[in-house]
Amino acid sequence: MNRLRTYAPATGVFVLALLVRVVYNLTIARNYVPVYDAALYNALGRHLVDSGCYCLYGHTPSLSRPPLWPFILAFIYAFVGKEEFYGRLFYCFLGSGTCTIIYLFSKDLFGSKIALFSGMLAAIYPCLFIYDGWLYTESLYTFCLTACIYTLYRLQLAYTPHSKRPLGENKWLERVWQALLHHRWPMLCGLLIGLAALARPNGIFLLGLVVLWAILVVLAKIQTWKPVLGDTVLIACIAVILILPWSYRNYQVSHSFLLVSTGMGEVLGGAYNDAVLDGDHAIPGTWHLIPGSHNHDTYNYSPQNDAADTARAFTWIRTHLSALPYLLGLHFIHLWIPYTYSFGLAFEESSGSAMYYIMVSLIDVLATLVISLALVGLFLTWRQYKQQLLAVYLLLALVILQNVLFYSDMRFRAPIEPVLVLLAGRALYTVFPVGWNWLCARAHAQGKPTTGESRGDSRNAGASLAAPEVLSAGTQNGTMQQL
């Protein structure tokens, strides 16, 4: 019975989130067709099933896309058929897992009541579930980042003196098991960082986050440097072990070092050019590839082309240093715009319909609310929880910095949406009682009746309405007595 009470709320959050996502995919996203990047991931997954080749064009190995999501799609397609809906169904379960992690994270920090509030908010929050009906890597990458930050938090909690457990009869097996249990959080963290990097190339920057986290843990005297250093090295080794086989495959294909995939040159080239600065094509500061540039998904695009595009972007930066503060400021502002068109989201394919405008309005309202409350939650939790939320702060800083340096919109805010919900849930749970108490105090100060008095007044008012002639007679009698 106690176990049921323990796991029931987390299960409830998972089921609610799964229900929301399945309903979304069966209704609003029922006619979804993969386009743009989603079509490429879908094609890679299909080619892996059909020919065993990670290829976009014929039997030429591709270097343009990170491998994790296409391989997951291939695994799904091999067992249940090559229907893109099954990939979205997988995302429904994965996105529900993200919501459950938010619940667990909030429960460890703030208690079960706030955790249930945060988990339910995450389950119905459109800026999370819209990506579970889209064959991009947003949902996969967001899950990996959220789980990674949670494992870092749990590792930080584990930095307390451990009592030695008695060894069993088989001492060697017992020691191995205890070692695995003792190092489960750094091993999981390294695994998630490796998966994040294979889902999106900038996931490798999480290793830098872990190093900075380790330094701050030592400086804050949460733990001595030796165990922190050992865990950091373990995390890095596991992540690198996961990534290196794909890097070696890339070297065999291109005869040059490529960690995960090409694309950095195109990203920088589209973020830093005259058209983006002047806003010739659209809103200033939004990503736009200038005419004549190469798309990194084309047939003959190589790591050398990627390096040349990167060098061209840095040349533009060096010659426009005075414009950089303005451009970076635009990137920061765009990060917090509640909704920006993302080219291919399921509800965007019916652009102009009533459902499209309903979804946009829902995102505008709820995203504005969550972002605002997350800022409030950041201040509310700083004094009491600043050490426990160290990994959360670092993730916020890392993602914001990446978006400012490259480019940003609603889609690239997705990796921090779970921690925004975490902080917003804490603030919302605090604001509601405070607001209610303020209203009650204000009503009392103005002489307004309480709830019980209101019921009495209502009964009196009902009597007055029922027998107005009695009051009239009473008034007349009183007047006659005065006369």
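Positions are given from 1 along the sequence.
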Between N305 and S302, do the side chains contain a donor N or O and an acceptor N or O under 3.5 Å apart? yes
E266 side-chain N/O to H296 backbone N/O, donor-acceptor pair under 3.5 Å: yes
All side chain to side chain donor-acceptor pair (under 3.5 Å) counterparts of S64, not counting sequence neighbours: S62, D297
Heavy-atom pair of closest approach, residues S118 and V421: O-CG1, 3.6 Å
Partners passing side chain to side chain donor-acceptor pair (under 3.5 Å) against R88 (at least two apart in sequence or in another chain): N25, E84
Within 45 degrees of the axis of the six-membered ring of Y41 and under 6.0 Å from its centre: does R65 put its NZ or CZ there? yes
Is the backbone of L390 close enough, under 3.5 Å, to the side chain of W213 for a donor and an acceptor to pair up by distance? no
Taking NE2 in H320 as the centre, count heavy atoms belonging to other residues, nucleotides or ligands within less than 6.0 Å. Is the count above 12? yes
Partners passing side chain to side chain donor-acceptor pair (under 3.5 Å) against S139 (at least two apart in sequence or in another chain): D132
Any donor-acceptor N or O pair under 3.5 Å, side chains Y77, N42: yes
Taking every non-hydrogen atom, the tightest pair across A78 and V49: N-CG2, 4.1 Å
Listed by chain and number, what are the side-chain contact (heavy atoms from CB on, under 4.5 Å) partners of L68, not counting sequence neighbours? I72, L140, L195, L198, A199
Where the side chain of R46 meets the backbone of K82, is there a donor-acceptor pair that is under 3.5 Å apart? yes
State whether the side chain of Q156 and the backbone N or O of Q387 hold a donor-acceptor pair below 3.5 Å, judged by distance alone. yes
Please work out whether the ring planes of F14 and F93 are parallel, tilted or perpendicular, with thresholds of 30° and 60°. tilted
Selection residues 298-333 - residue pairs positive for disulfide (SG to SG under 2.5 Å), sequence neighbours left out: none
Close aromatic pair by centroid cut-off 6.0 Å: F412 and W287: no
Give, for atom OH of Y341 and atom CZ of R411, the distance between the pair rounded to the nearest 0.5 Å. 13.0 Å
Is the gap between the ring centers of W185 and Y159 under 6.0 Å? no
What residues form a side-chain contact (heavy atoms from CB on, under 4.5 Å) with A38, not counting sequence neighbours? Y32, P34, L135, Y136
Any chance you could lay out the side chain to side chain contact (heavy atoms under 4.5 Å, CB included) test for L375 and W336, step after step, and finish with the verdict? CA-CA 12 Å; L375 182 61; W336 306 111; over 6 Å; no
Checking side chain to side chain contact (heavy atoms under 4.5 Å, CB included) for the pair T381/F110: CA distance, chi angles, key distance, verdict? CA-CA 10 Å; T381 57; F110 311 128; 4.0 Å; yes
Quick one: sort the Y339 and F347 rings into parallel, tilted or perpendicular, breaks at 30° and 60°. tilted
Contacts of C53 meeting disulfide (SG to SG under 2.5 Å) (sequence neighbours excluded), chain-then-number -> C55
Test ring pair (Phe, Tyr, Trp, His ring centres under 6.0 Å) applied to F75 - qualifying residues, sequence neighbours left out: F79
Within the distance-only criterion (no hydrogens, no angle test), does the side chain of R426 pair as donor or acceptor with the backbone N or O of S106 below 3.5 angstrom? no
Any salt bridge (Lys or Arg N to Asp or Glu O under 4.0 Å) pairs touching residues 200-225, not counting sequence neighbours? E138-R200
Rounded to the nearest 0.5 Å, the OG1 atom of T319 sits from the CZ atom of F314 at a distance of 13.0 Å
Atom CD of residue position Q304 - does it have more than 12 heavy atoms of other residues, nucleotides or ligands inside 6.0 Å? yes
May I ask you to decide if M410's main-chain N or O and T340's side chain share a donor-acceptor pair within less than 3.5 Å? yes
Nearest 0.5 angstrom please: L405 CG to L327 CG, how far? 11.0 Å
Could you tell me the separation between the CG atom of L206 and the CG atom of L145, rounded to the nearest 0.5 Å? 4.5 Å
The reported gap from OH in Y385 to CG in L109 (rounded to nearest 0.5 angstrom) is 7.5 Å
Using the side chain to side chain donor-acceptor pair (under 3.5 Å) criterion, which residues pair with D309? Sequence neighbours excluded. Y301, R312
Contacts of W382 meeting ring pair (Phe, Tyr, Trp, His ring centres under 6.0 Å) (sequence neighbours excluded), chain-then-number -> Y393
side-chain contact (heavy atoms from CB on, under 4.5 Å) against V211, all qualifying residues, sequence neighbours excluded: I215, T232
Out of T151, L152, T146, which residue meets the side-chain contact (heavy atoms from CB on, under 4.5 Å) rule with L192? T151
Whether S96 side chain and C92 backbone form a donor-acceptor pair below 3.5 Å: yes
Once you round to the nearest 0.5 Å, how far does NE2 of H331 lie from CG of D409? 10.5 Å
